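Both backbone and side-chain heavy atoms feed into the values below; hydrogens, waters and symmetry mates do not. In this text, all values refer to a predicted model and were calculated from it rather than measured experimentally.
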Amino acid sequence: MADIVQQRLEDRIPALEQLERVGLFTNKEVKSMLKRSTALEYKLHRTVQSKDDFITYIQHEINVLELIKKRRARIGYHFKREEIENPIIHRINHVFRRATTKWQEDVQLWLSQVAFNKKWGTKSQLSKVLSSMLAIHPDKPALWIMAAKCEMEDRNSSESARHLFLRALRFHLENKKVFQEYFRMELMHAEKLRKQQQELEQAKIDVGEYNFSTEILSGKLAEVVYRDAAQKIKGAEFILSLLQIAAIFDFTKELQDTILQDLQSQYVDDCMMWDFMAKRELDAAGAPELQSAKGRASDTDRREERCCVVYEEALKSLNTEAMWICYVTFCLERYKRKTNVTQLKEKATFYRLKKQLQVLLSSGDTVSATQVAITATQRFSQSVEMWSFSLQTLVHLESTEAGHLFQEALKHVNPKVESLPLWQLQADWSMTSQIPEDTETFFQKGLLSPVPAVSSAMKEKYLEWSYKTGGYKRARKTFTSLHEHRPFTKTFFMKMIEIEKEQETPKMSNLRDYYERALREFGYSDEDLWMEYIKEELGSHGNPENCGKLHWRAVKTLEGESVEHFTTKYTLLQTGHM
């Protein structure tokens, strides 16, 4: 082992001497590098070899290359690359070959060698590495594609790239990505030739001596690839992916027309085809005279209407869940993209969506209706109205997705401004659809909401649910646990009063307690609350003598016009007119 290491180190000496001689490194730095290299060389020749040792060795040598590059730039010395850099590059490739031979399954190791040679190596070295890698890993389509791109872009060899794609297709007969990239490569090759021809013509050079095939220039090779791909791989989505690639190049109109005709004739039962044809209407250019914002807005509206016509036509022959989802998604996307100048009417969008859901519900297609409702929430994630509408649909359908979507809704809408309707809807759903433990957990969460309107509304719902599930005792317990925790609504207290009065023998002491607590919160502005209290004292369970005291307190407590309104109502009550 020592002899081999010694030989490796001696092979380094000429390059190290050159580094010192031309002033790129000092003598001290050269000695330090030699010492470091010695340690790394010995690690590579141990009986038990480690992949990490190989990687560390390679990284050290690459760092040396980077440092030489910086030193050259700093002192402006650009000579003797063959004596200095080339031996290092050769040494790194040698270590890479040893590593990839020992750990052939490590794809990342191969890719690292490819990346190194793209930056530092020669084109022939890069080609050899790619060939060796593919011989070991022919089962990985991504590597074939990467290798072909390297041949096309780094080695400027379309012929080698084509050869690699054809070999790849022997191993991966129906791989979409391989066909897509092969198709793209042929179009790029044609584009490159067209540019070369154009440059020669501009330079007034006779292009007759150059072999510029008209068929290749027009993309016929790419069409051959398309025909082969379309025969082996079925589906509108894949054909559309090829059409989108062709659309990138400005010389492919005939090829695009061919693909489009095949798409329309062979995939009439595929929603992807109809979705694409409908959205094409949006790309129709507006009339040139439409310069005003109003004119452009009207033109956009007309194009959107034409899109809808195509979708409606599709649904006549393809009334499926997937087709409906495409239609609804289009409507929602157009709404989401609206601007202050060109916008779809929200009410029109909701009308269309509701109409579609009604059709699905009336036909009994609850699965499609559920999917449409879920899709609507994904596209209108900021709209509380859409969340409410979709959640009501899911609740009606008794969908298992409702619980999850309630949580998602509260994450997306503005909690302080818009969340209350969603909390109320979820409360109603939870009280009828969830087990008591889950409903209890929901209410406890709602009671702790930092949004006053939500917290207050949940107190009302919680009290109502407690009475329905546990009777008077539970309702009373719930009220007692909440009556000191603001904020409140008048309805919260009035519910408890109604519950008390529904009992066989209502307790007037409890009713007075509820009224007094309500007056603490709302007695300064709500004259009707005082009147209800007074009427309660005049009732069979009350004490009429307390009415005078309540009248005096009301006049002292109420503010502004409420005092006058109260006095009028109290007088009417006294005279029997109320």
Classify the side-chain pair [X]/[Y] by whether it contains a donor and acceptor separated by less than 3.5 Å.
X      : Y      : result
Asp262 : Tyr226 : yes
Ser430 : Gln434 : yes
Trp144 : Asn175 : no
Ser127 : Glu151 : yes
Asn93  : Lys128 : no
Asn63  : Gln59  : yes
Tyr311 : Asp275 : yes

Subject >> Residues that Glu408 engages under salt bridge (Lys or Arg N to Asp or Glu O under 4.0 Å), provided they are two or more places apart >> reply: Lys411

**OP:** Can you sort out the partners of Glu85 under salt bridge (Lys or Arg N to Asp or Glu O under 4.0 Å), two or more places apart, ordered by chain and number?
**Re:**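 For Glu85, the residues satisfying salt bridge (Lys or Arg N to Asp or Glu O under 4.0 Å) (neighbours in sequence not counted) are Arg72, Arg81.
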
Heavy-atom closest pair, residues [X] and [Y]:
X      : Y      : result
Ala15  : Glu83  : CB-O, 3.6 Å
Tyr327 : Glu312 : OH-OE2, 2.8 Å
Ala246 : Thr252 : O-OG1, 2.6 Å
Val114 : Leu130 : CG2-CD2, 3.8 Å
Trp120 : Ile89  : O-CD1, 3.3 Å
Trp429 : Gly403 : CH2-CA, 3.5 Å

Looking at [Y] and [X], is there a salt bridge between them, counting it only when a charged N and a carboxylate O are closer than 4.0 Å?
X      : Y      : value
Lys70  : Glu66  : no
Glu159 : Arg162 : yes
Glu186 : Lys220 : no
Glu61  : Arg12  : yes

**OP:** For the residue pair Ser419 and Val384, establish whether any side-chain heavy-atom pair is separated by less than 4.5 Å.
**Re:** no

Original post:
Is Pro415 close to Leu410 at the side-chain level, that is, under 4.5 Å between some pair of heavy atoms?
Top reply: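 Heavy-atom side-chain distance check fails, nothing below 4.5 Å.
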
Rounded distance (nearest 0.5 Å) linking atom [atom1] of [X] with atom [atom2] of [Y]:
X      : Y      : atom1 : atom2 : value
Gln104 : Thr101 : CD    : OG1   : 6.5 Å
Met386 : Leu391 : CE    : CG    : 11.0 Å
Leu243 : Phe183 : CG    : CZ    : 8.0 Å
Phe179 : Ile145 : CZ    : CD1   : 11.5 Å
Thr100 : Leu111 : OG1   : CG    : 11.5 Å
Arg91  : Ser37  : CZ    : OG    : 7.0 Å

**OP:** Start with the C-alpha distance between Lys192 and His189, add both sets of side-chain angles, then the distance that settles side chain to side chain donor-acceptor pair (under 3.5 Å), and finish with yes or no.
**Re:** CA-CA 5 Å; Lys192 183 178 72 172; His189 174 58; 4.6 Å; no

Original post:
Would you say Thr393's side chain and Phe389's backbone share a donor-acceptor pair under 3.5 angstrom?
Top reply: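 Checking the backbone N and O of Phe389 against the side chain of Thr393, a donor-acceptor pair under 3.5 Å is found.
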
Subject >> Intermediate values then yes/no, salt bridge (Lys or Arg N to Asp or Glu O under 4.0 Å), Asp154 and Lys149 >> reply: CA-CA 8 Å; Asp154 298 300; Lys149 285 186 176 181; over 6 Å; no

Original post:
Would the Trp103 and Phe54 ring centres measure less than 6.0 Å apart?
Top reply: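 Yes.
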
Subject >> Phe276: ring pair (Phe, Tyr, Trp, His ring centres under 6.0 Å) partners, not counting sequence neighbours >> reply: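 So Phe276 forms no ring pair (Phe, Tyr, Trp, His ring centres under 6.0 Å) with any residue.
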
